[in-house]
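A single structure is presented below for examination.
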Amino acid sequence: TTSIARRYKTNDKGTFGEYTASTRWPIIIQNSIDDITAELAKNSSQGDYKKQGEIIKQELIKYRQELLDHIPLRKFTQEECKIANVPLSFNEYLDSHKGVTWNNVEWLFSEIYLYRRINVMFQLQPLWKHFDIFNSLKQSTFKASLYGVIELALRYQSLITKFDSIANDNDKEILEILFKEFVEISLWGNATDLSLLTNATLDDIKSIQGAKAREESESKILINDTKKAWDTLIKLQGSNSRVDFILDNSGFELYADLMLASFLLHTKLANKIIFHAKDTPYMVSDVMLKDFDILLEDLKDRSFFNIDPNSNDSRALDLFADNIKKFNVEGAIEVRTDSFWTNNLDYWNLDPSETKYHGAELHKDLLNSNLVIFKGDLNYRKLTGDRKWAHTTSWDDAIGPLSSNGITLLSLRTIKADVLVGLPEGLNEELSELWEKDHPGHGSWWRSSGKWAVICYASS
Ligand code: F6P
Ligand code: MG
């Protein structure tokens, strides 16, 4: 096997990571400052709530400046660790990486640390403990996804009565075609990531969420292991099979994941789905437990999606939301959370060897799953350790212990960061040249454009 590459850093010249740390993070924090300012301007913001909110706002302003001034990343205080339940893994990292600054630190660690620091500010103010600073952005972007949401609901409505007969038909060909379609729905659902899409117009969102867009995007899936996942699940059809989703973003992506999940349940390719959500607001748009409930409410709320309640579109939304609710009540869809998903450890730690931060526990549990689907870009970065692998490195080498510790996994990722493995010789260079033409000086950023994707499978 190849030797282990070092991780990407925020000072790797010309990388998307460098651009993210220097330019995108200050914007993300500024957006949070704007959002809390708006919250504080509401009539309902009074008394201690207002006072505590003002403290958070000032902290955010200071924090943004810390980033711009490239000061060293500090450890969490004992008080912070205790009150805000910060996993000690953060401070352990900082103990072994003394003096790292925002512009000279591993990208993966610093990005996760960034969101944890924000969360701590809220946790320290009792009346703001459960305030999700990214909620209003998550909600408004989902609202803007109406077109894609309805299109998928109509597709679901047209198929639902046929699922049974399709699943029972001995000719598995149609089922496999649909499986592929629903996997792609879930894959491209990841293209709507709020940390990248903050400036997207309604038309932009439309253009990446429709069926036509998906078809045109097939050639953009550079590695496609869908068949391997299909072979795994079809063998188990009708038995007690379980599929897990390590979720990524709420709103449209979660909605797309629910489409795939209910397809698997209706066709008995799985009879239990477990969703793994985040325990803190994370990476702007990631799913928290409460976001699952919010999504189901949004789908039924005609003042949220402003459509005629007597229209077929409205019936299609109701049908889907009711079915998901039913699966959830019956226990066929379960949503869980664990602090492991928001700590700084990469997924090489989803292994019996990691005994302090739930890596071993989760690994043991995921051994009971027949397929663990890791959604999105950040999960891919954590799977591969966000390392500077040669792009031709094999997937098995890049995921380390996960290639041989018993978990069967599928990564569905639209490519939004520098790390990428498993490519044939020359493809990275070819696409870099192509991208360079329209983006002079930034050819390698084809890998952070979100326009290409990979579907990677592993099993042992
Ligand atoms: O790489 C850009 C980025 O926005 C990172 O901040 C983060 O790793 C990732 O994309 C988030 O994307 P996703 O929601 O797909 O994990
Ligand atoms: Mg995300």
Side-chain angles (χ1 to χ4, degrees), residues 7-10 12 14-29 31-32 67 102 105-116 118 132-135 137-138 141-142 145 186-200 205 208-209 245-257 275-288 291 295 337 341-342 344 346-347 373-388 411-420 442 444-456:
R7 296 183 207 272
Y8 278 99
K9 295 182 64 185
T10 55
D12 283 332
T15 59
F16 190 67
E18 181 197 44
Y19 169 73
T20 292
S22 64
T23 307
R24 292 174 58 226
W25 290 346
I27 296 176
I28 286 171
I29 301 178
N31 290 343
S32 301
L67 233 91
W102 286 103
V105 57
E106 288 177 346
W107 180 18
L108 182 63
F109 174 80
S110 50
E111 187 150 49
I112 295 167
Y113 171 92
L114 173 96
Y115 291 98
R116 182 61 69 157
I118 295 176
D132 174 4
I133 183 67
F134 304 122
N135 188 60
L137 184 58
K138 288 191 246 194
T141 312
F142 189 44
S145 306
S186 169
L187 168 72
W188 292 111
N190 178 246
T192 339
D193 151 32
L194 306 191
S195 75
L196 288 173
L197 262 187
T198 38
N199 304 321
I205 294 177
I208 53 180
Q209 289 179 342
F245 284 74
I246 313 304
L247 292 173
D248 186 4
N249 303 314
S250 50
F252 189 76
E253 180 170 0
L254 175 59
Y255 177 72
D257 296 339
F275 280 159
H276 299 268
K278 306 299 192 297
D279 63 342
T280 60
Y282 188 67
M283 302 285 152
V284 184
S285 37
D286 281 26
V287 181
M288 298 172 66
D291 292 322
L295 181 120
T337 178
W341 305 117
T342 56
N344 57 295
D346 67 30
Y347 295 159
I373 301 177
F374 288 85
K375 290 297 321 284
D377 189 73
L378 184 79
N379 279 328
Y380 183 99
R381 290 172 62 200
K382 284 188 154 186
L383 285 165
T384 57
D386 204 35
R387 292 175 184 278
K388 279 189 80 157
S411 164
L412 301 182
R413 175 215 192 190
T414 65
I415 307 165
K416 301 177 208 161
D418 305 277
V419 59
L420 179 59
H442 293 298
S444 73
W445 286 16
W446 75 269
R447 296 197 308 275
S448 39
S449 64
K451 301 244 182 294
W452 282 269
V454 286
I455 299 180
C456 304

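As the structure lists them, so they are numbered: ligands from 1, and atoms in each ligand from 1.
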Which one of W341, Y347, F374 satisfies the ring pair (Phe, Tyr, Trp, His ring centres under 6.0 Å) criterion with H276? W341

Can you find a non-hydrogen atom of Y380 under 4.0 Å from ligand 1? no

Check whether any heavy atom of D248 sits under 4.0 Å from an atom of ligand 1. yes

Under a 4.0 Å N-O cut-off, is there an ion pair linking K416 with D377? no

Metal proximity, N249 vs the Mg ion (ligand 2), N/O/S cut-off 2.8 Å: yes

Which segment of N249 sits under 4.0 Å of ligand 1 when only heavy atoms are counted: side chain

Ignoring hydrogens and geometry beyond distance, is a side-chain donor-acceptor pair present between D279 and T342 at under 3.5 Å? yes

The atom name of the N, O or S atom in D286 nearest to the Mg ion (ligand 2) is OD1

Any N/O pair F16/ligand 1 closer than 3.5 Å: no

Think R413 forms a cation-pi with W452, using NZ or CZ under 6.0 Å from the six-ring centre and within 45 degrees of its axis? no

Can you find an N or O of D377 that's nearer than 3.5 Å to an N or O of ligand 1? yes

Test: E18 and K9 ion pair at under 4.0 Å: no

Got a salt bridge between D386 and R7, using NZ or NE/NH1/NH2 to carboxylate O under 4.0 Å? no

Out of K375, E111, K416, whose heavy atom sits nearest atom 5 (C) of ligand 1? E111

If you take the nearest heavy atom of each of M283, R381, R447, R24, which one is closest to atom 8 (O) of ligand 1? R381

Which of the numbered atoms in ligand 1 are below 4.0 angstrom from a heavy atom of A417? 1 (O)

Return yes when W107 approaches ligand 1 closer than 4.0 angstrom through a heavy atom, no otherwise. yes

Check: S186/K375 side-chain N/O donor and acceptor closer than 3.5 Å: yes

Quick one: do D132 and K138 make a salt bridge, cutoff under 4.0 Å? yes

Do any N/O atoms on S285 end up under 3.5 angstrom from N/O atoms on ligand 1? no

Within less than 4.0 angstrom of ligand 1, does E253 place any heavy atom? no

Kindly give the atom name of the N, O or S atom of D248 closest to the Mg ion (ligand 2). OD1

Going by distance alone, is a donor N or O of one side chain under 3.5 Å from an acceptor N or O of the other, for N379 and D248? no

